[in-house]
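This report concerns only the one structure given below.
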Amino acid sequence: RHLSEDRHRRITRHLSEAEPLPEGTSSRDRWRDVTWMVTAFNKNRKSKVVPGWLLCVDESMIAWTGNGCPHLSYVPRKPEPLGIEIKNLCDATSGVMLFLEIQDNKDMMARKRYRDGFPAAIATTLRLLECVSESRVSPNERIERLCAMDSWFASVACSKALWNLLKVRSIGNIKTATRCYPLQEMRWKLSTQQRGAIDIMECEDSKLWALGWHDHFYKTFVCNAGSSDLGEPAKKKRQRDDGSNFYKYVNRPEALQRFYEACGAIDQHNRHRQHLLKLEKIWQTKRWQTRFLYSIVVGMVTVDAHLMCAHVLPDRHSDSKESMARFVAKLTAQMMPEPIPRAPTASPAASLVRTCTTSSD
């Protein structure tokens, strides 16, 4: 039968406490109540999902405004700015999450792998993409994976480290990490050109090049993949004075076409989880561990299943709000336990007839 509220609370309480601690979890870990969950998620994705060639790194937020959480991040640009921040890796082809990492304060993050030789952003990117490393694969057998990175991750040093250590190619948007990047020269050249124009500068000591694109304002990228040949034009939605819509097409190179195909994969995943599923707004709790459990095990896994079905069976599933609602309704119906059939009870008249027959015999 259906699970009672008291039993549900006891199950979630013991799940979040995780006693005894899983192997490899330190008793000093402030996130030990949920570390085992993230470790199991990453291990499952690595063993069950074969990533495609197009990847994306970004961040997700688990909304939490209460007390007790070891560390809260505040990111104003996010729809849910306050909560637990997670840096993640996503397969941009299907939209499935591949790797998660909880973000702690600066002192705790400085103790993690790769921090002894790299800054925080580069070390985080290396840890996320380590699960798809092809450094031990022969050049003829490599998939040549390409990762799209936003301005927090992207830099010239990060692109070099990804290729030298993991043999993963990258295209990143340069905004703040401008060291060794000809930002001013690139913008000066683009300012004299028309919209849709591109400019390329090749790095002398490595197979990297700076790519600039004039799209209403100047956008600069660092990449070691793709080409400067014209790809599919960017489709810009515009509105006329009478309210009707029309589209404007802007030329762009093939490298930027690949970048924009991948860079929004995690944002789309967050939208499905936070605004279509709305689990964090509907399912209330006073424990941050329970909120984390619901968001990862129920929220992210459900969205992954929906996006995988939309990718594998596009004729039956689509990436829309209505399709998501139908998928969740069908999934819930399949997961509900069937009621236990009861044995039929005999009527009083039948019992009387059986008693009379036995007495006459």
Side-chain angles (χ1 to χ4, degrees), residues 12 15-16 31 34-35 37-42 44-45 48-49 51 54-66 69 71-103 128 148 150 152 261-285 287-314 317-335:
T12 54
L15 277 176
S16 62
W31 299 89
V34 296
T35 300
M37 191 187 312
V38 176
T39 303
F41 182 95
N42 296 336
N44 176 270
R45 288 295 186 269
K48 302 297 183 182
V49 179
L54 197 58
L55 306 171
C56 173
V57 289
D58 209 333
E59 61 270 344
S60 301
M61 296 295 295
I62 297 178
W64 180 254
T65 58
C69 187
H71 178 72
L72 289 178
S73 301
Y74 182 73
V75 186
R77 68 181 184 274
K78 294 295 182 181
E80 298 291 345
L82 181 62
I84 304 172
E85 183 182 6
I86 296 178
K87 299 293 184 184
N88 38 27
L89 170 68
C90 176
D91 176 24
T93 306
S94 61
V96 175
M97 288 290 182
L98 300 175
F99 193 88
L100 308 177
E101 183 185 78
I102 303 174
Q103 299 302 292
L128 293 177
D150 65 6
W152 191 90
E261 286 176 356
C263 66
I266 293 181
D267 292 334
Q268 184 182 15
H269 194 285
N270 294 336
R271 178 178 176 273
H272 279 78
R273 177 176 57 88
Q274 293 180 322
H275 297 284
L276 298 184
L277 195 59
K278 296 182 179 180
L279 193 64
E280 296 173 0
K281 296 183 178 180
I282 298 175
W283 204 331
Q284 301 296 326
T285 179
R287 293 174 54 84
W288 69 269
Q289 299 96 330
T290 306
R291 170 58 54 82
F292 194 94
L293 172 71
Y294 294 159
S295 298
I296 300 297
V297 176
V298 182
M300 283 192 177
V301 172
T302 301
V303 173
D304 283 344
H306 167 66
L307 294 177
M308 181 61 75
C309 288
H311 175 69
V312 178
L313 303 171
H317 298 273
S318 62
D319 189 16
S320 63
K321 182 177 181 179
E322 294 76 13
S323 177
M324 178 74 177
R326 292 194 301 268
F327 179 84
V328 173
K330 189 173 182 180
L331 180 65
T332 305
Q334 293 177 351
M335 294 179 63

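Starting from 1, each residue takes its place in the sequence as its number.
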Heavy-atom check, side chain of [X] versus side chain of [Y], under 4.5 Å:
| X | Y | result |
| --- | --- | --- |
| Val38 | Ile296 | no |
| Leu279 | Gln274 | no |
| Ile62 | Phe292 | yes |
| Met308 | Val312 | yes |
| Met61 | Pro81 | no |

If I take atom [atom1] from residue [X] and atom [atom2] from residue [Y], how far apart are they, to the nearest 0.5 angstrom?
| X | Y | atom1 | atom2 | answer |
| --- | --- | --- | --- | --- |
| His272 | Met300 | NE2 | CE | 13.5 Å |
| Met97 | Asp91 | CE | CG | 11.0 Å |
| Ser73 | Gln103 | OG | CD | 7.0 Å |
| Arg291 | Gln284 | CZ | CD | 6.0 Å |
| Leu98 | Leu89 | CG | CG | 4.5 Å |
| Phe99 | Cys90 | CZ | SG | 14.0 Å |

Can you give me the closest heavy-atom contact between [X] and [Y], atom names plus distance?
| X | Y | answer |
| --- | --- | --- |
| Gly66 | Leu72 | O-CD1, 4.2 Å |
| Glu280 | Ala63 | OE1-N, 3.2 Å |
| Val298 | Leu277 | O-CD2, 4.5 Å |
| Ser60 | Asn270 | OG-OD1, 2.7 Å |
| Cys56 | Cys263 | SG-O, 3.6 Å |
| Asp267 | Asp58 | OD1-OD2, 3.5 Å |

### Task
Sequence neighbours left out, what passes ring-ring contact (aromatic ring centres under 6.0 Å, His included) with Trp31? Give chain and number order.
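By the ring-ring contact (aromatic ring centres under 6.0 Å, His included) rule, Trp31 matches Trp288.
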
### Message
Using side chain to side chain contact (heavy atoms under 4.5 Å, CB included), reason through Ile84 and Cys69 one step at a time and then give a plain yes or no.
### Response
CA-CA 8 Å; Ile84 304 172; Cys69 187; 3.7 Å; yes

### Task
Show the numbers, then the answer: is there a side chain to side chain contact (heavy atoms under 4.5 Å, CB included) between Arg77 and Val75?
CA-CA 6 Å; Arg77 68 181 184 274; Val75 186; 3.4 Å; yes

### Query
How far apart are the C-alpha atoms of Glu80 and Arg273, what are their side-chain angles, what is the distance that settles it, and do they pass the salt bridge (Lys or Arg N to Asp or Glu O under 4.0 Å) test?
CA-CA 12 Å; Glu80 298 291 345; Arg273 177 176 57 88; over 6 Å; no

### Message
Salt bridge or not between Lys87 and Glu59? Use side-chain N to carboxylate O under 4.0 Å.
### Response
yes

### Task
Could you pull out all residues at least two apart from Asp304 that satisfy salt bridge (Lys or Arg N to Asp or Glu O under 4.0 Å)?
Arg45

### Query
How far apart are the C-alpha atoms of Glu101 and Asn88, what are their side-chain angles, what is the distance that settles it, and do they pass the side chain to side chain contact (heavy atoms under 4.5 Å, CB included) test?
CA-CA 6 Å; Glu101 183 185 78; Asn88 38 27; over 6 Å; no

#### Entry: Step-by-step side chain to side chain contact (heavy atoms under 4.5 Å, CB included) determination, His306 to Val328
CA-CA 8 Å; His306 167 66; Val328 173; over 6 Å; no

